[in-house]
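Heads up, the thing below is written out as structure tokens.
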Amino acid sequence: MFLRFKREVLKMLNVDERYVKESDHADLACTIAFKLAKEQKRSPQEIAEEIVAELEPREYVGSIEVVNGYINFFVSEEFLEDTINLILDQDYDYGSPKIKGEVLIEHTSANPDGPLHIGHIRNSIIGDTLTRIMRKAGLKVRTQYYVNDMGRQIAITALGYKRFGIDRSKKPDHAIVEAYIKMNKEIEENPELEKEVEDLMIRYESGDEEAIRLFREVVELALEGIKETLRKLNVQHDEFVWESEFVRNGYVDRILKMLDEKGLLKKDGAWIIDLSDLGYEKEVVVRRENGTTLYVTRDLAYHLWKNENFERFINVLGADHKLVGRQLQDILRLLGLKPPEIVFFEFVSLPEGSMSTRKGKFISADELIEKVYEEAKKIVEGRKELNEEEKEHIARAVAIGALRFDFVKIAPEKPMVFDWRKALDFERQTASYIQYSHARCCSILRKAVESGMPDLDFKGDLCTPLERKLVVLLSKFSYMVLRVVNELKPNIFADYLLKVANAFNDFYRDHPVLKADSELRMHRLAIVDATRIVLRNGLELLGIEPLERM
RNA sequence: GGGCCCGUGGCUCAGCAUGGAUAGAGCGACGGCCUUCUAAGCCGUAGGUCGCGGGUUCAAAUCCCGCCGGGUCCGCCA
């Protein structure tokens, strides 16, 4: 709805979109008078007044003010009414800007050599939230986890697995990482083992059956554990695509041939792409002297496949992949292929420094989830009216919500330092705050039904300033969805939902609903129900369960 | 050394793309609010040279240049 208001304002003014923005002083404010003032050498106020005098009225534009050269637009009562009615009418479907298209999102893609740690889940949460929001926008989204099964670290893991076995009583990813860590140590002490790692990698790439069996077993075990963790986080992938597939299905050969035909390869024993014209210092090797390929080669092959199957594809990658990510994009461009859009996120580090799977220096997602759950459980225990099963369910939902929100609310480009104390603190405006606001809405509506007065009837002219502010916020849902789709910053939506919850709590404070006279009660019940729908739909986009009581 | 990212009250962050009206939240601190729809809530007070220095502009947290501090990348690793 807000999008329609904005469109009307833009049509009225007939100015470039960048002169019209959201503001604390109005629903939309226009700054065009400042620009014109310079050209015309007159005061902005004078110009703004002139502009306003000529404007034709519009349905959704209620009033227009000129203040210090700003032209301030406010929505009409009709707009407020249509907003509430649309929300109540569309219910689960409310909030979609209804755009079209198909997109592939690749995210998480952690090496299958151990459990996901708190850095990986930043990737998962950004990727999954983007997926949910893009689907809401109307796009057809497919998600993939790219399984790096050909890496050196997998060879090391496989070797460790063969040599030491694993503890079958443990969650498989946690068991696998022990073999990886142990083997790394072994190699450090006996560098001659490097040769074995290398042999194993060559055998795997060339299709040696025993090697394939071993790798597959190890990778499947790690993935089994990883999938379980992702499930707990409400993160879902449509497919797990194995890197080695592209060697076996011919895509690697095809991409090499394409590179060759474009004259991009320098064959000097190894096959090399020279990107110095584009400002890269180092050359990119795509085929070793011994004939094996490299990570980037398989990644190029993967992106050839993406080009053939999707019109738009997005990768969520850690900032450490910036250089290789950009090289990949540039090489694809040189081939006349479409490069992926990449969402880079900065590292999650521990107070004592960065994490390392190889050294066993990390906090696993599983450990984090359990600790946050235990903490949530303590708070829920205080609710006497709930039974044991409900308490567990609520604690689980609150824990996952808190966790997902903590990661998604931070802009991807911000480096994060993990802090246990903050991760375990629910007494602040985060997911539980939004869930709580939603539960409050549900509670009011439940009581309205119980007391036999469930009717809803919103009236624009009854709106107090706080109600008006809340409803305008509710109208911005699809506008925010669209912003995330365009800017690929899911934190925008987290912030939006927090604002809605905040505005609702302001409303809740001094607008009694059930005790109000019938006309006012029906009006406010409509607002509560619409808020409930927005909070519920919004929480779902963040992968957080909207609780009806807590 | 070079590239990229970050630097906003004691702490964590929003705002920066497309410059504009008193720089917003939360945590922490202090003081209040549960015979009224869930106190996981609400209200109030204190706390800011938007890292530093220049520049552009009628106007800079936002754009440009230089510096400082932190992170990260720069393998025939992935």
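Numbered from 1 within each chain, the chains take letters A, B, ... in sequence-line order.
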[X] near the nucleic acid: base, sugar-phosphate alone, or nothing, with a heavy-atom cut-off under 4.0 Å?
X	value
A/D506	sugar-phosphate
A/I434	nothing
A/E548	base
A/A411	sugar-phosphate
A/F347	nothing
A/V398	base
A/V417	nothing
A/V296	nothing

Output yes when at least one side-chain N/O atom of [X] is less than 4.0 Å from OP1 or OP2 of [N], else no.
X	N	result
A/S349	B/G71	no
A/R288	B/A78	yes
A/Y433	B/C42	yes
A/K282	B/C73	no
A/R440	B/A39	yes
A/K499	B/A14	no
A/K447	B/C37	no

What I want to check is whether an N or O donor and acceptor connect the side chain of [X] with the base of [N] at under 3.5 Å.
X	N	value
A/N72	B/A21	yes
A/H321	B/U72	no
A/R383	B/A40	yes

Whole angstrom value for the distance that separates [atom2] of [N] from [atom1] of [X]:
X	N	atom1	atom2	value
A/R483	B/C16	CZ	P	7 Å
A/N68	B/U22	CG	C1'	12 Å
A/L350	B/G70	CG	P	19 Å
A/R298	B/C76	CZ	P	14 Å
A/N184	B/A78	CG	P	15 Å

Under 4.0 Å between a side-chain nitrogen and a carboxylate oxygen: does that hold for A/R521 and A/D517?
no
A/K414 side-chain proximity, nearest of B/C13, B/G71, B/A78:
B/C13
Under 3.5 Å, is there a donor-acceptor pair linking the side chains of A/H107 and A/S124?
no
Strictly by modelled atom types, are A/H25 and A/E65 linked by a side-chain donor-acceptor pair under 3.5 Å?
no
Has A/E548 got more than 12 heavy atoms of other residues, nucleotides or ligands less than 6.0 Å from its CD?
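At most 12 heavy atoms, drawn from other residues, nucleotides or ligands, come within 6.0 Å of this atom.
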To the nearest 0.5 Å, what is the distance between CD1 on A/I118 and CD1 on A/I363?
4.0 Å
Where each pair must be Watson-Crick or G-U wobble with both distances under 3.5 Å, what dot-bracket representation of RNA chain B is obtained, with crossing pairs in [ ] and other-strand partners as |?
(((((((..((((......[...)))).(((((.......))))).....(((((..]....))))))))))))....
With side-chain hydrogen bond (donor to acceptor under 3.5 Å, both in side chains) as the test, pick out the partner of A/T293 among A/R287, A/R298, A/R288.
A/R298
The answer to which of A/N491 and A/E289 contacts RNA chain B further toward the 5' end, by nearest nucleotide, is A/N491
Quick check on RNA chain B: between A/L547 and A/T293, whose nearest nucleotide comes earlier from the 5' end?
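Counting from the 5' end, the first nearest nucleotide belongs to A/L547.
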Test A/N502 against A/L498 for side chain to side chain contact (heavy atoms under 4.5 Å, CB included), laying out the working first.
CA-CA 6 Å; A/N502 205 339; A/L498 212 42; over 6 Å; no
Angle between ring planes, A/Y302 versus A/Y146, binned at 30° and 60°: parallel, tilted or perpendicular?
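The arrangement is parallel - the two ring planes meet at less than 30°.
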For B/C34, does the glycosidic angle fall within 90° of 0 (syn) or outside that (anti)?
syn
Strictly under 4.0 angstrom, non-hydrogen atoms only: write out the protein contact profile of nucleotides 30-36 of chain B, one letter per nucleotide from the 5' end, B, S or -.
------S
B/C77 to B/G69 separation - P atoms, rounded to the nearest Å:
35 Å
A/K371 NZ/CZ over A/W420 ring centroid, <6.0 Å and within 45° of normal:
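Pair A/K371/A/W420 counts as cation-pi.
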With A/R440 as the cation and A/F504 as the aromatic partner, state whether NZ or CZ is under 6.0 Å from the six-membered ring centre and within 45° of the axis.
no
Apply the side-chain contact (heavy atoms from CB on, under 4.5 Å) test between A/F405 and each candidate in A/I410, A/I434, A/I125, A/L539; give the one that qualifies.
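It is A/I434; the other options fail the test.
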